[in-house]
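Worksheet: one structure, shown below.
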Amino acid sequence: MRIVVLTGAGISAESGVPVFRGSDGLWEGHRVEDVATPEGFARDPQQVHAFYNGRRAKLTGGAVEPNDAHRALAKLAAAPGVELFLVTQNIDDLHERAGSGEVLHMHGELLKARCQSCGAVVPWREDLSRASVCPACGEIDCLRPHVVWFGEMPFGLDETAAAISRADLFVSIGTSGRVYPAAAFVSWAREAGVPGLEINLDESDGSSLFTESRRGRAGELVPRWVDEVLAGRKDQG
Ligand code: OAD
């Protein structure tokens with residue numbers, strides 16, 4: 001069985017990573033244009049570094065751990081007869097820490113930095129600043145967070161489109177469906193005749209496009225759904 005799973009901020013909410021869209025439309029008190037665009041970074045790199053340094057420190061500080069939903073997806077990937085393509089909009093490393101081996105981070109990774117001078121992508125767990133030195137080329141003032149900002153192209157879209165087109169099931173977990181192209185994946189699935197399942201706390205912008213929508217916490221509903229899939233595979237086999 002080929003399954004494509006898309007995850008968003010909602011899957012990490014129970015791990016203590018805040019979701020993006022608060023009722024005030026701000027990201028932890030910041031305007032999106034200031035901290036998540038190439039223009040914002042060009043205008044005030046130090047402010048953008050400070051924003052991501054704070055998020056990175058939370059991730060590495062020991063308080064944030066994977067939850068049952070991350071663990072259930074790792075279990076699904078390891079099950080015989082299941083081919084899981086896991087694509088996430090999240091920049092945290094909670095899928096990996098839960099044991100998922102192959103994860104496509106379409107919006108990049110908080111624990112990596114990218115050199116704007118030589119293009120190297122390097123692991124990075126410390127604070128970044130204009131004084132940080134690229135370990136590959138030795139330049140300073142050239143490293144940026146390896147994350148995708150608004151106006152930039154997400155990673156792995158061709159690969160994702162191909163995986164969706166040959167899937168038996170598309171599943172979306174914990175995403176508001178507000179940000180494209182991820183929000184269009186359910187339409188890509190529909191066009192290919194692939195059924196869609198949504199697991200989300202609230203109704204999302206794309207809820208009506210799914211074959212089935214389940215409302216509730218990912219930490220509870222994802223393990224339940226994975227157990228259903230695995231029980232179904234046993235029944236068949
Ligand atoms: P959002 O913050 O837009 O949406 C999070 C969704 O998760 C909401 O629909 C909530 O109802 C749901 N949710 C919250 N807690 C949940 C829980 N415990 N269990 C299940 N669902 C829960 O986050 P994303 O859709 O991931 O992009 O945002 C998409 C993109 O917008 C991000 O990747 C980021 C941002 O701009 C970039 O930075 C490029």
Side-chain angles (χ1 to χ4, degrees), residues 5-41 48-49 51-52 54-56 59 64-73 86-95 98 103-112 114 144-157 160 170-187 196-210 212-226:
V5 170
L6 166 70
T7 63
I11 198 168
S12 295
E14 291 159 66
S15 293
V17 182
V19 297
F20 290 94
R21 289 177 176 76
S23 51
D24 55 5
L26 295 174
W27 280 20
E28 297 177 28
H30 295 273
R31 295 190 319 152
V32 169
E33 308 88 79
D34 289 337
V35 294
T37 61
E39 295 78 18
F41 186 59
V48 175
H49 280 316
F51 175 72
Y52 288 96
R55 299 180 71 191
R56 192 181 304 105
L59 199 57
V64 172
E65 295 287 344
N67 64 54
D68 288 345
H70 299 106
R71 283 189 280 273
L73 292 178
L86 178 55
V87 50
T88 185
Q89 297 168 88
N90 299 343
I91 59 176
D92 63 51
D93 64 342
L94 296 179
H95 283 303
V103 186
L104 172 56
H105 284 271
M106 63 181 292
H107 290 165
E109 292 172 74
L110 193 51
L111 299 183
K112 288 184 180 165
R114 184 161 80 241
R144 59 165 277 181
H146 183 52
V147 299
V148 173
W149 287 323
F150 287 91
E152 297 180 326
M153 187 63 93
F155 300 117
L157 290 181
T160 305
F170 169 71
V171 186
S172 170
I173 302 168
T175 173
S176 62
R178 295 273 180 86
V179 173
Y180 285 82
F185 291 176
V186 60
S187 303
L197 166 66
E198 176 180 61
I199 297 177
N200 206 48
L201 195 56
D202 307 299
E203 190 171 338
S204 76
D205 283 15
S207 286
S208 64
L209 299 171
F210 289 86
E212 185 188 350
S213 278
R214 300 184 185 182
R215 298 268 163 273
R217 293 187 306 105
E220 184 185 335
L221 296 193
V222 175
R224 195 182 297 164
W225 166 69
V226 166

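Atoms within a ligand are numbered from 1 in the order they appear, just like the ligands themselves. Everything numeric in this text was worked out from a predicted model, so none of it was measured.
- At a 4.0 Å heavy-atom cut-off, ligand 1 touches Phe150 through the side chain alone.
- Taking only non-hydrogen atoms, the option from Gly219, Ser176, Ser204 nearest to atom 3 (O) of ligand 1 is Ser176.
- Using a 4.0 Å cut-off between heavy atoms, Val179 contacts ligand 1 through its side chain alone, with no backbone atom that close.
- Taking every non-hydrogen atom of Ala13 and a distance limit under 4.0 Å, the qualifying atoms of ligand 1 come out as 15 (N).
- Using a non-hydrogen distance threshold of 4.0 Å, Gly216 registers as a contact of ligand 1.
- Contacts with ligand 1 closer than 4.0 Å are made by heavy atoms of both the backbone and the side chain of Ala9.
- Close contacts between ligand 1 and Ala218 involve ligand atoms 17 (C), 19 (N), 20 (C) [criterion: under 4.0 Å to a heavy atom].
- When Ser172, Gly174, Gly8 are ranked by how near their heavy atoms come to atom 5 (C) of ligand 1, first place goes to Gly174.
- With hydrogens and angles disregarded, no donor-acceptor distance shorter than 3.5 Å links the side chain of Thr88 to the backbone of His105.
- To the nearest 0.5 angstrom, His95 atom NE2 is 4.5 Å from Ile11 atom CD1.
- In this structure, the side chain of His107 does not engage the main chain of Pro154 through any donor-acceptor pair within 3.5 Å.
- Looking at Gln89 against ligand 1, both its backbone and its side chain come within 4.0 Å, counting heavy atoms.
- Looking at Leu201, Thr37, Thr175 and measuring to atom 21 (N) of ligand 1, the nearest heavy atom belongs to Leu201.
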